[in-house]
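Below: the structure, in C-alpha coordinates.
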2 protein chains.
Amino acid sequence: MTKPYDQHCPIAMTLDVIGERWTMLIIRDLYFGRARFNDLLASSPGMSTKILSERLKTLEAHGLVERQVYSAHPLRAEYHLTDRGMSLEPVLNAIGMWGGQNLVDPKDAPALFAKIEAMRPQNRSLASDTPGA
Amino acid sequence: MTKPYDQHCPIAMTLDVIGERWTMLIIRDLYFGRARFNDLLASSPGMSTKILSERLKTLEAHGLVERQVYSAHPLRAEYHLTDRGMSLEPVLNAIGMWGGQNLVDPKDAPALFAKIEAMRPQNRSLASDTPGA
(Lines give C-alpha, C1' and ligand atoms only; values in the text may rest on other atoms or scores of the structure.)
Protein backbone atom coordinates (compact mmCIF):
# COMPACT_ATOMS: atom_id res chain seq x y z
CA MET A 1 0.00 0.00 0.00
CA THR A 2 1.09 3.54 -0.72
CA LYS A 3 2.36 5.44 2.29
CA PRO A 4 -0.46 7.56 3.75
CA TYR A 5 -0.14 11.35 3.72
CA ASP A 6 -0.96 11.25 7.43
CA GLN A 7 -2.01 14.94 7.63
CA HIS A 8 -4.72 16.22 9.97
CA CYS A 9 -6.76 17.58 7.06
CA PRO A 10 -10.07 16.14 5.83
CA ILE A 11 -8.93 16.30 2.18
CA ALA A 12 -5.70 14.40 2.89
CA MET A 13 -7.54 11.93 5.13
CA THR A 14 -10.03 11.17 2.35
CA LEU A 15 -7.23 10.73 -0.17
CA ASP A 16 -5.52 8.30 2.20
CA VAL A 17 -8.64 6.12 1.78
CA ILE A 18 -9.63 6.63 -1.86
CA GLY A 19 -6.68 8.47 -3.45
CA GLU A 20 -4.51 5.56 -4.49
CA ARG A 21 -4.13 4.92 -8.18
CA TRP A 22 -7.11 2.91 -9.63
CA THR A 23 -9.20 3.16 -6.47
CA MET A 24 -11.59 5.87 -7.73
CA LEU A 25 -12.13 3.96 -10.97
CA ILE A 26 -13.06 0.85 -9.01
CA ILE A 27 -15.50 2.89 -6.90
CA ARG A 28 -16.89 4.41 -10.10
CA ASP A 29 -17.48 0.96 -11.60
CA LEU A 30 -19.09 -0.40 -8.43
CA TYR A 31 -21.32 2.69 -8.29
CA PHE A 32 -22.44 2.06 -11.87
CA GLY A 33 -23.26 -1.57 -11.12
CA ARG A 34 -20.24 -3.65 -12.03
CA ALA A 35 -19.97 -6.27 -9.31
CA ARG A 36 -17.67 -9.07 -10.45
CA PHE A 37 -13.91 -9.13 -10.18
CA ASN A 38 -13.37 -9.87 -13.85
CA ASP A 39 -15.76 -7.12 -14.93
CA LEU A 40 -13.96 -4.61 -12.74
CA LEU A 41 -10.65 -5.82 -14.17
CA ALA A 42 -11.85 -5.56 -17.76
CA SER A 43 -13.09 -2.02 -17.21
CA SER A 44 -9.62 -0.64 -16.49
CA PRO A 45 -6.96 -1.86 -18.92
CA GLY A 46 -3.54 -1.68 -17.28
CA MET A 47 -4.79 -2.54 -13.79
CA SER A 48 -3.35 -5.88 -12.64
CA THR A 49 -5.30 -8.57 -10.79
CA LYS A 50 -2.97 -8.05 -7.82
CA ILE A 51 -3.71 -4.32 -7.66
CA LEU A 52 -7.48 -4.84 -8.02
CA SER A 53 -7.42 -7.45 -5.27
CA GLU A 54 -5.43 -5.17 -2.96
CA ARG A 55 -7.65 -2.18 -3.65
CA LEU A 56 -10.85 -4.15 -2.98
CA LYS A 57 -9.40 -5.43 0.30
CA THR A 58 -8.48 -1.90 1.35
CA LEU A 59 -11.97 -0.65 0.47
CA GLU A 60 -13.50 -3.53 2.45
CA ALA A 61 -11.27 -2.74 5.43
CA HIS A 62 -12.55 0.86 5.35
CA GLY A 63 -16.17 -0.32 5.20
CA LEU A 64 -16.79 1.09 1.72
CA VAL A 65 -17.20 -2.22 -0.10
CA GLU A 66 -18.72 -5.53 0.90
CA ARG A 67 -17.89 -8.87 -0.67
CA GLN A 68 -20.72 -11.37 -1.07
CA VAL A 69 -20.06 -14.98 -2.00
CA TYR A 70 -22.82 -16.20 -4.31
CA SER A 71 -21.38 -19.58 -5.29
CA ALA A 72 -19.18 -21.84 -3.17
CA HIS A 73 -18.19 -24.31 -5.94
CA PRO A 74 -16.66 -22.71 -7.85
CA LEU A 75 -16.03 -19.83 -5.49
CA ARG A 76 -17.68 -16.72 -6.91
CA ALA A 77 -18.11 -13.38 -5.20
CA GLU A 78 -19.65 -10.04 -5.97
CA TYR A 79 -18.58 -6.66 -4.69
CA HIS A 80 -20.97 -3.85 -3.81
CA LEU A 81 -20.65 -0.41 -2.30
CA THR A 82 -21.95 -0.19 1.26
CA ASP A 83 -24.02 2.83 2.33
CA ARG A 84 -20.76 4.41 3.44
CA GLY A 85 -19.33 3.71 -0.01
CA MET A 86 -22.40 5.17 -1.71
CA SER A 87 -21.86 8.33 0.34
CA LEU A 88 -18.92 9.00 -1.97
CA GLU A 89 -21.44 9.88 -4.70
CA PRO A 90 -20.84 13.67 -4.35
CA VAL A 91 -17.11 13.07 -4.84
CA LEU A 92 -17.73 11.01 -8.00
CA ASN A 93 -20.17 13.64 -9.24
CA ALA A 94 -17.82 16.57 -8.64
CA ILE A 95 -14.91 14.82 -10.36
CA GLY A 96 -17.08 13.74 -13.28
CA MET A 97 -18.75 17.13 -13.68
CA TRP A 98 -15.39 18.89 -13.79
CA GLY A 99 -14.18 16.52 -16.48
CA GLY A 100 -17.41 16.93 -18.39
CA GLN A 101 -17.11 20.70 -18.32
CA ASN A 102 -13.36 21.01 -18.87
CA LEU A 103 -11.97 17.96 -20.62
CA VAL A 104 -14.64 16.23 -22.68
CA ASP A 105 -15.00 17.51 -26.23
CA PRO A 106 -18.18 19.66 -26.08
CA LYS A 107 -19.60 17.91 -29.12
CA ASP A 108 -19.28 14.53 -27.36
CA ALA A 109 -20.55 15.69 -23.95
CA PRO A 110 -24.34 15.35 -24.43
CA ALA A 111 -24.15 11.75 -25.70
CA LEU A 112 -21.55 10.76 -23.09
CA PHE A 113 -23.54 12.23 -20.22
CA ALA A 114 -26.81 10.72 -21.46
CA LYS A 115 -25.08 7.33 -21.42
CA ILE A 116 -23.73 7.94 -17.91
CA GLU A 117 -27.13 9.07 -16.57
CA ALA A 118 -28.73 5.92 -18.01
CA MET A 119 -26.20 3.78 -16.09
CA ARG A 120 -26.74 5.46 -12.72
CA PRO A 121 -28.36 3.55 -9.85
CA GLN A 122 -32.10 4.22 -9.72
CA ASN A 123 -33.38 7.48 -8.24
CA ARG A 124 -29.98 9.12 -8.46
CA SER A 125 -30.35 11.04 -11.70
CA LEU A 126 -28.60 14.39 -11.85
CA ALA A 127 -30.23 15.35 -15.15
CA SER A 128 -30.61 19.01 -14.21
CA ASP A 129 -26.84 19.32 -13.63
CA THR A 130 -25.80 17.52 -16.79
CA PRO A 131 -23.62 19.62 -19.11
CA GLY A 132 -25.18 19.91 -22.53
CA ALA A 133 -28.49 18.40 -21.40
CA MET B 1 4.73 11.15 -15.05
CA THR B 2 2.35 8.36 -14.17
CA LYS B 3 0.81 6.60 -17.13
CA PRO B 4 -2.62 8.09 -17.89
CA TYR B 5 -5.70 5.91 -17.55
CA ASP B 6 -6.66 7.00 -21.06
CA GLN B 7 -10.35 6.06 -20.72
CA HIS B 8 -13.18 7.95 -22.42
CA CYS B 9 -14.83 8.74 -19.09
CA PRO B 10 -15.01 12.17 -17.47
CA ILE B 11 -13.96 10.78 -14.08
CA ALA B 12 -10.89 9.03 -15.50
CA MET B 13 -10.05 12.08 -17.63
CA THR B 14 -10.14 14.33 -14.56
CA LEU B 15 -7.98 11.90 -12.60
CA ASP B 16 -5.46 11.90 -15.45
CA VAL B 17 -5.03 15.63 -14.73
CA ILE B 18 -5.34 15.87 -10.92
CA GLY B 19 -5.21 12.26 -9.70
CA GLU B 20 -1.48 11.75 -9.32
CA ARG B 21 -0.13 11.41 -5.81
CA TRP B 22 0.40 14.83 -4.09
CA THR B 23 -1.38 16.82 -6.81
CA MET B 24 -4.66 17.37 -4.93
CA LEU B 25 -2.75 18.47 -1.83
CA ILE B 26 -0.85 21.04 -3.90
CA ILE B 27 -4.13 22.30 -5.37
CA ARG B 28 -5.58 22.43 -1.84
CA ASP B 29 -2.66 24.53 -0.59
CA LEU B 30 -2.82 26.90 -3.57
CA TYR B 31 -6.57 27.27 -3.03
CA PHE B 32 -5.98 28.19 0.61
CA GLY B 33 -3.40 30.81 -0.33
CA ARG B 34 0.01 29.16 -0.15
CA ALA B 35 1.95 30.54 -3.12
CA ARG B 36 5.66 29.87 -2.68
CA PHE B 37 7.49 26.70 -3.58
CA ASN B 38 9.01 26.26 -0.13
CA ASP B 39 5.67 26.82 1.60
CA LEU B 40 4.03 24.20 -0.62
CA LEU B 41 6.91 21.85 0.11
CA ALA B 42 6.72 22.40 3.87
CA SER B 43 2.99 21.72 3.86
CA SER B 44 3.38 18.13 2.71
CA PRO B 45 6.12 16.21 4.53
CA GLY B 46 7.35 13.36 2.36
CA MET B 47 6.89 15.20 -0.94
CA SER B 48 10.26 15.77 -2.62
CA THR B 49 11.31 18.99 -4.38
CA LYS B 50 11.49 17.01 -7.62
CA ILE B 51 7.91 15.79 -7.31
CA LEU B 52 6.59 19.23 -6.36
CA SER B 53 8.39 20.78 -9.33
CA GLU B 54 7.01 18.14 -11.71
CA ARG B 55 3.48 18.46 -10.36
CA LEU B 56 3.50 22.27 -10.67
CA LYS B 57 4.75 22.00 -14.26
CA THR B 58 2.00 19.53 -15.11
CA LEU B 59 -0.65 21.79 -13.53
CA GLU B 60 0.76 24.77 -15.48
CA ALA B 61 0.67 22.74 -18.70
CA HIS B 62 -3.02 22.00 -18.06
CA GLY B 63 -3.77 25.69 -17.43
CA LEU B 64 -4.69 25.16 -13.78
CA VAL B 65 -1.75 27.02 -12.23
CA GLU B 66 0.19 30.09 -13.28
CA ARG B 67 3.72 30.92 -12.20
CA GLN B 68 4.55 34.56 -11.58
CA VAL B 69 8.14 35.75 -11.13
CA TYR B 70 8.20 38.52 -8.52
CA SER B 71 11.97 38.89 -8.12
CA ALA B 72 14.63 38.37 -10.78
CA HIS B 73 17.69 38.49 -8.46
CA PRO B 74 17.40 36.20 -6.69
CA LEU B 75 14.82 34.44 -8.84
CA ARG B 76 11.61 34.10 -6.87
CA ALA B 77 8.25 32.93 -8.15
CA GLU B 78 4.76 32.51 -6.82
CA TYR B 79 2.16 30.00 -7.92
CA HIS B 80 -1.56 30.70 -8.12
CA LEU B 81 -4.60 28.83 -9.33
CA THR B 82 -6.02 30.17 -12.58
CA ASP B 83 -9.80 30.53 -12.97
CA ARG B 84 -9.75 27.05 -14.46
CA GLY B 85 -7.86 25.85 -11.38
CA MET B 86 -10.34 27.58 -9.07
CA SER B 87 -13.12 25.71 -10.86
CA LEU B 88 -11.87 22.62 -9.02
CA GLU B 89 -13.40 24.06 -5.83
CA PRO B 90 -16.42 21.66 -5.92
CA VAL B 91 -13.99 18.72 -6.12
CA LEU B 92 -12.00 19.99 -3.12
CA ASN B 93 -15.24 20.64 -1.23
CA ALA B 94 -16.70 17.19 -1.94
CA ILE B 95 -13.49 15.42 -0.91
CA GLY B 96 -13.12 17.54 2.21
CA MET B 97 -16.76 17.22 3.22
CA TRP B 98 -16.62 13.45 2.94
CA GLY B 99 -13.54 13.34 5.13
CA GLY B 100 -15.14 15.72 7.60
CA GLN B 101 -18.24 13.57 7.85
CA ASN B 102 -16.59 10.14 7.78
CA LEU B 103 -13.00 10.30 8.97
CA VAL B 104 -12.47 13.27 11.27
CA ASP B 105 -13.13 12.60 14.95
CA PRO B 106 -16.54 14.25 15.55
CA LYS B 107 -15.21 16.04 18.60
CA ASP B 108 -12.46 17.67 16.49
CA ALA B 109 -14.66 18.50 13.48
CA PRO B 110 -16.12 21.86 14.56
CA ALA B 111 -12.73 23.41 15.41
CA LEU B 112 -11.07 21.93 12.32
CA PHE B 113 -13.79 23.18 9.97
CA ALA B 114 -13.88 26.62 11.60
CA LYS B 115 -10.14 26.86 10.94
CA ILE B 116 -10.61 25.74 7.31
CA GLU B 117 -13.45 28.21 6.70
CA ALA B 118 -11.28 31.04 8.07
CA MET B 119 -8.54 30.14 5.54
CA ARG B 120 -10.84 30.08 2.50
CA PRO B 121 -10.47 32.72 -0.21
CA GLN B 122 -12.91 35.60 0.36
CA ASN B 123 -16.56 35.19 -0.57
CA ARG B 124 -16.27 31.42 -0.77
CA SER B 125 -17.54 30.45 2.66
CA LEU B 126 -19.54 27.24 2.85
CA ALA B 127 -20.61 27.86 6.45
CA SER B 128 -24.08 26.40 5.95
CA ASP B 129 -22.60 23.09 4.78
CA THR B 130 -20.00 22.81 7.51
CA PRO B 131 -20.35 19.68 9.65
CA GLY B 132 -20.76 20.58 13.27
CA ALA B 133 -21.20 24.30 12.58
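Values below: all heavy atoms of this structure, side chains included; hydrogens, waters and symmetry mates excluded. Just so you know, these numbers come straight off a predicted model, no measurement behind them. Lettering follows sequence order; numbering is per chain, from 1.
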Minimal non-hydrogen separation, Gly100(A) against Pro10(B), with atom names
N-CB, 3.7 Å
So with a 6.0 Å cut-off around CG of Asp83(A), is the heavy-atom count from everything else above 12?
no
Rounded to the nearest 0.5 Å, how far does CD1 of Ile11(B) lie from OH of Tyr31(A)?
9.0 Å
Largest heavy-atom contact set with chain B, pairs under 4.5 Å, which of Pro90(A), Ser44(A), Ser87(A), Ser43(A)
Ser87(A)
Region of Leu64(A) that comes under 4.5 Å of a non-hydrogen atom in chain B:
side chain
Max heavy-atom pairs within cutoff under 4.5 Å with chain A, candidates Val91(B), Leu92(B), Leu88(B), goes to Leu88(B)
Give, for atom CG of Leu103(B) and atom NE2 of His62(A), the distance between the pair rounded to the nearest 0.5 Å.
8.0 Å
Would Met119(A) and Val104(A) show up in the same hydrophobic cluster when neighbours are defined by side-chain heavy atoms closer than 4.5 Å?
yes
So which part of Arg21(B) gets closer than 4.5 Å to some heavy atom of chain A, the side chain, the backbone, both or neither?
both
Looking only at heavy atoms and a cut-off of under 4.5 Å, which of Gly19(A), Gly46(A), Ala94(A), Gly63(A) has the most pairs with chain B?
Ala94(A)
Based on non-hydrogen pairs under 4.5 Å, which of Leu15(A), Ile18(A), Asp108(A), Asn102(A) is most in contact with chain B?
Asn102(A)
Side chain / backbone / both / neither for Asp6(A) at chain B, heavy atoms under 4.5 Å
neither
Under 4.5 Å from any heavy atom of chain A, what part of Ile116(B) do you find: side chain, backbone, both or neither?
side chain
Is a side-chain N or O of Thr14(A) found less than 3.5 angstrom from the main chain of Ile95(B), in a donor-acceptor match?
yes
Would you say Tyr5(A)'s side chain and Leu25(B)'s backbone share a donor-acceptor pair under 3.5 angstrom?
no
